[in-house]
Amino acid sequence: FTSENLLVEHPECYHHGAEHCRYIVSWDKLSKVFKWLRIRNHSILAGLMFSVLAYFLLPFNLFGLIVFCSVFVSSALAYKVQTLEKEKLTQNVEELGKTAEEYWSELNIRYNLTKLVKEVGEITSVIQSEEEIASAVSAVMRKQLDYDRGAIILANNDKNALSFAGGYGFAENEIEIMKNVQFRLEDNPTEGILQKVFITQKPSLIEDIEKISHTLKEYNQNLIKKLKIQSMICVPIMHGGKSIGVMAVDSLKSHRELRE
């Protein structure tokens, strides 16, 4: 009956001790189709009444004219309603298609993430070298994640700095920039994006890095500009309940909406 959002109330529930479940569904505006459907039905009823009265009260030629006008108006309104119903049906089918596509995309994402976790687990159980692990995990990230670039940043043995260990999607000059940067974990470490994720052990989703750039130190701002970072996702890498690094991904030309 309506294309607007419905208000559904559930004041009584059988599972909460009531004798039955009771729902109250209400809405403010009727749909366009329902309005025209009501107009059509009323016009048919009015035309029928006028035709009956005209049959008894008016000459035959006027009676025929009234019947013709009634049929014409009712047919035009019926055509209008049918057109609106088809448009609404087409819209509903398109929305269902989009919903199905979103669910399918979500399933693919979850499947790829599951494969990512499985393959990373296999890598870490076989390879012992930190450099080889970072390289192998970067290759898995490239294959399973739908992002243009990814980086693995690990803590040093003293746990006082983070440094680039491996990644994918970066140009040669960008890799050199990353290798020459250390993210210090001393002196207000939560002022940096990666440092905050490492310390708090909580993922971070930044949709527009420009909005938070003023809160970052100057060297972090310069790094963001050099790497042309617009948005990013950072998650902590943990082992035995302790942070050992950070995994970060971003898209220069986003394939899809970033989400944690």
Side-chain angles (χ1 to χ4, degrees), residues 102 105-106 108-117 119-121 124 130 133-134 137-156 158-171 174-175 177-260:
E102 289 174 1
S105 176
E106 186 68 26
N108 281 333
I109 292 169
R110 294 183 182 277
Y111 173 72
N112 289 335
L113 288 176
T114 302
K115 288 185 67 177
L116 173 67
V117 173
E119 293 184 25
V120 169
T124 54
E130 184 178 286
I133 289 176
V137 170
S138 297
V140 174
M141 289 170 61
R142 179 195 289 270
K143 182 175 68 174
Q144 302 296 353
L145 297 181
D146 187 21
Y147 299 102
D148 294 332
R149 302 187 301 189
I152 298 173
I153 297 94
L154 298 178
N156 58 13
D158 296 329
K159 296 293 189 293
N160 60 11
L162 298 170
S163 58
F164 179 78
Y168 70 92
F170 294 97
E174 293 173 335
I175 292 176
I177 292 172
M178 293 289 286
K179 286 182 176 180
N180 293 327
V181 172
Q182 279 198 331
F183 303 93
R184 305 297 300 178
L185 295 172
E186 303 166 341
D187 302 327
N188 296 324
T190 55
E191 290 185 1
I193 300 171
L194 301 177
Q195 296 96 316
K196 184 177 181 179
V197 171
F198 181 87
I199 296 295
T200 61
Q201 298 183 346
K202 294 181 180 179
S204 177
L205 168 60
I206 304 168
E207 294 181 308
D208 187 355
I209 209 158
E210 284 293 329
K211 292 181 179 180
I212 65 163
S213 61
H214 65 280
T215 65
L216 304 175
K217 291 184 177 181
E218 186 177 352
Y219 75 90
N220 276 329
Q221 294 180 15
N222 293 333
L223 180 63
I224 288 169
K225 291 179 181 178
K226 289 178 181 178
L227 297 178
K228 300 176 183 177
I229 300 173
Q230 301 173 7
S231 57
M232 64 187 301
I233 297 175
C234 303
V235 295
I237 303 173
M238 301 173 61
H239 177 71
K242 296 181 180 180
S243 297
I244 62 172
V246 176
M247 182 186 296
V249 294
D250 80 323
S251 288
L252 298 174
K253 296 180 180 178
S254 182
H255 302 303
R256 58 181 174 82
E257 181 184 2
L258 292 179
R259 68 177 77 182
E260 289 189 56

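Closest of all the heavy-atom pairs between I152 and S138 is CD1-OG, 3.7 Å. Here the closest non-hydrogen pair linking Y147 and Y168 is O-OH, 3.3 Å. Residues G192 and N220 approach most closely at CA-ND2, 3.9 Å, considering heavy atoms. Minimum interatomic distance between M232 and A248 (heavy atoms only, all atoms of both residues): CE-CB, 4.0 Å.
Under the 3.5 Å distance criterion, the side-chain polar atoms of S243 are matched with a main-chain donor or acceptor of F198. In this structure a side-chain-to-backbone donor-acceptor pair under 3.5 Å is missing from N222 to K226. Q201 places a side-chain N or O within 3.5 Å of a backbone atom of G241 that can act as its donor or acceptor partner.
Annotation: K159, atom NZ; neighbour count of heavy atoms from other residues, nucleotides and ligands within 6.0 Å is above 12. Atom CD of Q182 sits in a crowded spot, with more than 12 heavy atoms from other residues, nucleotides or ligands closer than 6.0 Å.
Side chains of Q221 and S213: no donor on one and acceptor on the other come within 3.5 Å.
With a 4.5 Å cut-off on side-chain heavy atoms, L154 and I237 count as touching. In this structure, I175 and F164 have side chains that are in contact, with non-hydrogen atoms separated by less than 4.5 Å. Between I206 and I229 there is no side-chain heavy-atom pair separated by less than 4.5 Å.
Going from atom CG of L185 over to atom CD1 of I199 covers 5.5 Å, rounded to the nearest 0.5 Å. To the nearest 0.5 Å, atoms CZ (R142) and CG (D148) are separated by 10.0 Å. Considering CG of D250 and CZ of R149, their distance stands at 4.0 Å, rounded to 0.5 Å. Within the model, atoms CG of L194 and CG of L223 stand 8.5 Å from one another, a figure rounded to the nearest 0.5 Å. Rounding to the nearest 0.5 angstrom, the gap separating the NZ atom in K228 from the CD1 atom in I209 is 15.0 Å. Rounding to the nearest 0.5 angstrom, the gap separating the CZ atom in F183 from the CG atom in N156 is 13.0 Å.
In this view, K143 and E119 satisfy the side-chain hydrogen bond (donor to acceptor under 3.5 Å, both in side chains) rule, not counting sequence neighbours.
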